[in-house]
Amino acid sequence: TAQQITQSGLLPTYVTPAAGGDEVTNTGVQFFHVRNDSGSSITATVVPEITTVVDPQLGKLVKENAVLTLAATKEGFLGPFETRAFNNTAGNIKITCSATASVKVAALYL
């Protein structure tokens, strides 16, 4: 579940990512905070559901994966995600991490 950051602040709850990935409802303002407490580099990825669109004026447009690579002991943010490109039919986005040991993820929004 995405957690809202408010004027009062937020002490986010982190989870260990599931090996097959984790889903969260996306309204276009959600993003992930990923902490890599491991001794190796990891990659967090959100894959768009729609990867190619043909625009009459711009031609073929390709939407790339959203990728965050974190060195050992680093943390970072990934997102937000356009709903039309990234949401699955249930309105969710899915994040996967290349490793799960000593990795923590929090889904956030403003």
Side-chain angles (χ1 to χ4, degrees):
T1 302
Q3 304 163 73
Q4 185 176 17
I5 301 170
T6 66
Q7 278 187 342
S8 302
L10 172 70
L11 294 173
T13 301
Y14 291 87
V15 297
T16 300
D22 295 284
E23 288 190 12
V24 65
T25 301
N26 180 41
T27 62
V29 296
Q30 283 69 19
F31 58 96
F32 295 102
H33 183 236
V34 183
R35 291 189 344 219
N36 178 15
D37 296 328
S38 76
S40 301
S41 176
I42 64 114
T43 301
T45 305
V46 177
V47 176
E49 295 288 321
I50 296 176
T51 57
T52 306
V53 175
V54 177
D55 183 274
Q57 295 178 346
L58 301 174
K60 183 178 177 180
L61 304 172
V62 177
K63 186 68 173 174
E64 301 290 334
N65 293 349
V67 178
L68 175 65
T69 301
L70 295 171
T73 71
K74 299 297 179 184
E75 58 187 76
F77 294 93
L78 185 61
F81 307 93
E82 299 89 352
T83 57
R84 186 166 173 224
F86 284 94
N87 284 15
N88 62 20
T89 56
N92 296 333
I93 49 177
K94 182 178 181 180
I95 185 171
T96 57
C97 294
S98 60
T100 58
S102 299
V103 176
K104 298 292 184 187
V105 176
L108 309 169
Y109 69 100
L110 297 174

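It should be emphasised that the depicted structure is a prediction, and the values quoted were computed from it without experimental measurement. Worth knowing before you read on, the calculation uses all heavy atoms, side chains too, and leaves out hydrogens, waters and symmetry mates.
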Same apolar cluster (I L V M F W Y, side chains within < 4.5 Å links), [X]/[Y]:
X	Y	answer
Val46	Phe31	no
Phe77	Ile5	yes
Val24	Leu108	no

Of all heavy-atom pairs between [X] and [Y], which one has the smallest distance, and what is that distance?
X	Y	value
Asn36	Ser40	ND2-O, 2.8 Å
Pro17	Ala99	CG-O, 4.4 Å
Gln3	Thr13	OE1-N, 2.7 Å
Phe81	Gln30	CD1-O, 3.6 Å
Gly28	Pro80	O-CB, 3.5 Å

inquiry  = For Phe32 and Leu68: C-alpha separation, side-chain torsions, deciding distance, then whether side chain to side chain contact (heavy atoms under 4.5 Å, CB included) applies.
reply    = CA-CA 10 Å; Phe32 295 102; Leu68 175 65; over 6 Å; no

inquiry  = Testing the 3.5 Å rule here: is there a donor-acceptor pair between the side chains of Thr52 and Lys63?
reply    = no

task = Could you walk me through whether Thr16 and Lys104 pass the side chain to side chain contact (heavy atoms under 4.5 Å, CB included) test, one step at a time?
result = CA-CA 5 Å; Thr16 300; Lys104 298 292 184 187; 2.7 Å; yes

task = State whether the side chain of Asn87 and the backbone N or O of Asn26 hold a donor-acceptor pair below 3.5 Å, judged by distance alone.
result = yes

request  = Say whether, by atom type as modelled, one donor and one acceptor occur between the side chain of Ser98 and the main chain of Thr43 under 3.5 angstrom.
outcome  =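 Side chain of Ser98 to backbone of Thr43, a donor-acceptor pair under 3.5 Å: yes, one is there.
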
If we only count heavy atoms from C-beta on, is the [X] to [Y] side-chain gap below 4.5 Å?
X	Y	value
Pro48	Asn65	yes
Glu49	Asn88	yes
Val29	Leu110	no
Leu70	Val103	no

Distance in Å, [X] [atom1] paired with [Y] [atom2], rounded so as to fall on 0.5 Å steps:
X	Y	atom1	atom2	value
Thr51	Leu61	OG1	CG	11.5 Å
Glu23	Thr96	CD	OG1	11.0 Å
Thr45	Lys94	OG1	NZ	11.5 Å
Asp55	Lys60	CG	NZ	14.0 Å

